[in-house]
Amino acid sequence: MLELRLLQGSLLKKVLESIKDLVTEANFDCSATGFSLQAMDSSHVALVALLLRSEGFEHFRCDRNISMGMKLVNMAMMLKCAGNDDIITIKADDGGDTVTFMFESPNQDKIADFEMKLMNIDSEHLGIPEAEYQAIVRMPSSEFARICKDLSTIGDTVIISVTKEGVKFSTKGDIGTANIVCRQNATVDKPEDAIIIEMKEPVSLTFALRYMNSFTKATPLANIVTISLSSELPVVVEYKIAEMGYIRFYLAPKIEE
Amino acid sequence: EVFQRVLVTYFECK
């Protein structure tokens, strides 16, 4: 028996909106730790890792570890039927082949349940070790989204370079080139407006903007995004989900041979 | 030539 009651149901709606175009189907895993997912895009160069910790749910019952395969566009369609202020409860029976999403309006005057068929998904699960990154950039998530959107009008790839001068996002395309430099700016009025760069060594990596733009669909989940970079390692783009966990995107760099 | 390696070249399968 699984029963997870999330007071801030909009969080789950936003999570689905941020991953449904990157990943078509995925196994949601539920254990005492929480509700989690790890899935790769169809070309296996990008990965999303989600964790919503059990403590973040108002009620969290998970009698045994369970993995539920879901088609994400279908799940997103169902969650779109929940109001932004609704409480969402996820329910499933052990060994069952369906999951139920229950939506309660804040004043309890409307209760809806949507039952969705589960599917069997064979997916590779990757062990991602904690790594020391050469550079970690924390910046407003909206600023990062704007940069990715602007650069993708010029080119297909972005070179992210971190030096002591700051972080530079560059692209080039048929019509020209673009460079956007953000300098460390820790002395702003609001902490969420700060750009903080922790650099152990300079690093420069190239990524496909198509994926970066897809990751920025998680912008409504967090004011701050953290970008962790190391040579020869996939970049990690992390959005912390208030007091509940995180959504992390990994993307393999483009390499010249 | 520019290419992208798949993620299993960086992370092990569990």
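Chain identifiers are assigned alphabetically (A, B, ...) following the order of the sequence lines, protein sequences preceding nucleic acid strands; residue numbering begins at 1 within each chain. This one's a predicted model, so the numbers in the text were calculated from it and none came from an experiment.
- Minimum interatomic distance between A:Ala252 and B:Leu7 (heavy atoms only, all atoms of both residues): N-CD2, 4.0 Å.
- Heavy-atom contacts from other residues, nucleotides or ligands closer than 6.0 Å to CG of A:Asp94 number more than 12.
- Summarising the geometry, atom OG1 belonging to B:Thr9 is positioned 9.5 Å from atom CD belonging to A:Glu232; distances are rounded to the nearest 0.5 Å.
- Contact count versus chain B (heavy atoms, under 4.5 Å) is highest, among A:Leu47, A:Val45, A:Leu233, for A:Val45.
- Counting non-hydrogen atoms of other residues, nucleotides and ligands closer than 6.0 Å to NZ of A:Lys254 gives a total above 12.
- Shown here is A:Asp156, whose CG atom has no more than 12 heavy atoms of other residues, nucleotides or ligands within 6.0 Å.
- B:Phe11 and A:Gly127 make their closest contact through CB-O, 3.6 Å (heavy atoms, listed as atom of the first residue, atom of the second, distance).
- Within a 6.0 Å radius of NZ in A:Lys149, other residues, nucleotides and ligands contribute 12 heavy atoms or fewer.
- In this structure, chain B has no heavy atom under 4.5 Å from any part of A:Thr206.
- Proximity to chain A involves both the backbone and the side chain of B:Phe3, based on heavy atoms less than 4.5 angstrom apart.
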*asked:* Under the criterion side-chain contact (heavy atoms from CB on, under 4.5 Å), I'd like the reasoning laid out for A:Gln38 against B:Lys14: C-alpha separation, chi angles, the key distance, then a yes or no.
replied: CA-CA 12 Å; A:Gln38 190 200 87; B:Lys14 259 190 193 172; 6.0 Å; no
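- Taking the side chain as every heavy atom from C-beta outward, B:Tyr10 and A:Pro253 approach each other to under 4.5 Å.
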*After noting the C-alpha distance and the side-chain angles of B:Gln4 and A:Leu251, does the key distance pass the side-chain contact (heavy atoms from CB on, under 4.5 Å) rule?*
CA-CA 9 Å; B:Gln4 261 173 307; A:Leu251 177 63; 3.7 Å; yes
*List the steps, then state whether side-chain contact (heavy atoms from CB on, under 4.5 Å) holds for A:Leu126 with B:Cys13.*
CA-CA 4 Å; A:Leu126 301 183; B:Cys13 269; 3.8 Å; yes
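- The part of A:Glu124 that comes within reach of chain B is its side chain, from C-beta onward, which places non-hydrogen atoms under 4.5 angstrom from that chain.
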